[in-house]
Number of protein chains: 2
Amino acid sequence: MTGVVRKISSARWDSPIVARLRQFIDLGAAEVDTLRALIECELSVERRRDLVVDGYEYSKLSFIKEGFAARYKLLRNGRRQIINVMVPGDIIGLPGSFLDQATFSVIALTDIKLEVCSLEGFVAVCHRQPRFGLMLTWLAVQEAMSYADRVVDIGRRTPVERLAHFLLEIHGRLVLVGASTETSFDLPISQEVISDALGLSVPHLNRMFAKLRTEGLITITDRRIQFIGKKALCLLAHFQPARVARIPTVQPLKHELIA
Amino acid sequence: MTGVVRKISSARWDSPIVARLRQFIDLGAAEVDTLRALIECELSVERRRDLVVDGYEYSKLSFIKEGFAARYKLLRNGRRQIINVMVPGDIIGLPGSFLDQATFSVIALTDIKLEVCSLEGFVAVCHRQPRFGLMLTWLAVQEAMSYADRVVDIGRRTPVERLAHFLLEIHGRLVLVGASTETSFDLPISQEVISDALGLSVPHLNRMFAKLRTEGLITITDRRIQFIGKKALCLLAHFQPARVARIPTVQPLKHELIA
DNA sequence: CAGGCTTTATGATTCAAAGTAATGCTTCTG
DNA sequence: CAGAAGCATTACTTTGAATCATAAAGCCTG
């Protein structure tokens, strides 16, 4: 593959992960190339297949290109808690690959397409191009933020609020990678999954869906969510989207280089 | 400050953050120096003082040297959810400093001592010494992991299990920085705080403490927790400590340097 | 040392969410 | 096309945690 070919192909490469990164960093064409070169293979996985299994080592960073997945933990008593629902642009293996062995599993909620690169390869690049290390940091921070939101959700919000918040959050992340319109989006996952994400039982979640519908805040047709009163919904959910800061661009000073 | 003086002082510098970092990376003396040089000042803050306030910008990385703190969110209805309790070695401003404005507050639960460095300064160093960028990534991942544990805790564990898990987790983190013995530790925070961390009411949390006590799993004397049946406690809590992987040490290849 | 404040402890009551179960609707599959 | 499986929905029961109430015990602080 020549540099020219790569340049063209990178121009065409509109992977959701790139959209994610551009939120907080300006990527040069060369950097997009580097990132693209890191991808070892593309992977298609069918619905219900586990991508990462709790207790086993995983050392890849897999960028979700298409489809939904969920990071979850299965407890001894058979209960399942979904840590977060993952959409295009999210990364499988963050944080799992940074542990001796994964402590959570990841399952494909729909058929899914991944772009896989090895963590070791990525780290190697970080040594030469420090900006990649920072990107990884920023992504990890976003990951942490998303879990933190879920903690607040489950810990101190009422079930309706939780559901509203969940819908708004997913929507926001889909908008970011251009996978949804301003007021509606496809949510191709079952209520059982959502209930495990929100720490509710299926019947109760169903009631909460009904509540949002009867209160005229959303409509659902064929697993497509449409926001009717987005303002009211945001208010109900205490939804305040967090904006990531951009990575500061710093010119190393001469004397710092010596120190 | 001469290099020699700094070297000596760094040898004596046993900040908890260094212990944290050594979990997953071998720090050379020079790197410890660099890290130490990043610290702009030490700060002592008294109990109950807010260190970070939701809605305001914060752009520091403050390493906790002594004392306990909590990252929390206050909701409109007055309810508070504590995202995590922070102990020596933890970092205030991770993740808050990576956002345009913090979305959580951080409060000192005890009198506390901090080592403060600016995020910008740290990032500047990352550009020259990529290993620092990776450290930051690893720390952010640990942060995410700790939140994820809390999600599982609150979402799908029973109140007793939650409490047991919480105690074991805090204990593990204290051991890491040498602030606790094998079977006991000081927990200088009120039950109100713990209840806000676990998403329970104070009376109910109190009952759960009573339960652990009457079942002979712990004793509490003067805010010092002692594990009696640590095995049984771990079993009850489904506690499985996650071990971070070490940062892979990669030698950049010649041809990679050209690419 | 007294008085006020915080913290821990415990009981009684209420209410919300889990559990259980049954039904209809859709979609997959042989 | 028929049977099966999966999913959404509703009704009913039970459980368990929040809430309210109170009191004892520390502990700062004037």
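Chain letters run A, B, ... following the sequence lines, proteins first, then strands; residues in each count from 1.
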Just distance, no hydrogens or angles: give the donor-acceptor pairs under 3.5 Å from side chains in residues 227-235 of chain B, sequence neighbours left out.
none

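- The CD atom of Gln81(A) sits 12 Å away from the P atom of dA18(C) (whole-angstrom rounding).
- By the 30° and 60° cut-offs, the orientation of the rings of Phe185(A) relative to His171(A) is tilted.
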Atom pairs and distances, side-chain donor-acceptor, residues 205-214 of chain B, under 3.5 Å, sequence neighbours left out:
residue, atom, partner, partner atom, Å
Asn206(B), ND2, Gln191(B), OE1, 2.8
Thr214(B), OG1, Ala210(B), O, 3.1
Thr214(B), OG1, Lys211(B), O, 3.0

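- Between Glu143(A) and Arg71(A), at least one side-chain N (NZ, or NE/NH1/NH2) sits under 4.0 Å from a carboxylate O, which counts as a salt bridge.
- Checked for salt-bridge contact, Lys113(A) and Glu42(A) miss the test: no charged N lies under 4.0 Å from a carboxylate O.
- As rounded to whole Å, 16 Å separates atom P of dC5(C) from atom CD of Glu192(B).
- Between the CD atom of Glu46(A) and the P atom of dC28(C) there is a distance of 14 Å, rounded to whole Å.
- Summarising the geometry, the separation between CD1 on Ile194(B) and P on dT6(C) is reported as 18 Å, rounded to the nearest angstrom.
- Taking a cutoff of 4.0 Å between a charged side-chain nitrogen and a carboxylate oxygen, Glu169(B) and Arg150(B) qualify as a salt bridge.
- Salt-bridge check for Asp196(A) with Arg80(A): passed, with a basic side-chain N closer than 4.0 Å to an acidic carboxylate O.
- Side-chain N or O atoms of Arg243(B) include none that pairs as donor or acceptor with a backbone N or O of Asp100(A) at under 3.5 Å.
- Atom pair Ile189(B):CD1 and dT6(C):C1' shows a separation of 16 Å (rounding to whole Å applied).
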All N/O pairs under 3.5 Å across the protein-nucleotides 25-28 of chain D interface:
none

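- Screening residues 51-86 of chain B for ring pair (Phe, Tyr, Trp, His ring centres under 6.0 Å) gives no qualifying pairs among residues at least two apart or on separate chains.
- Salt bridge Asp149(B)/Lys73(A): absent, no basic N to carboxylate O contact under 4.0 Å.
- End-to-end axis angle of the helix from dC1(C)-dG30(D) to dG30(C)-dC1(D), using five pairs per end and rounding to 10°, comes to 40°.
- Note on Glu161(B) versus Arg76(A): no salt bridge recorded, every NZ/NE/NH1/NH2 to OD/OE distance being 4.0 Å or above.
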(message) Strictly under 4.0 angstrom, non-hydrogen atoms only: write out the protein contact profile of nucleotides 9-20 of chain D, one letter per nucleotide from the 5' end, B, S or -.
(response) SB-B----SSBB

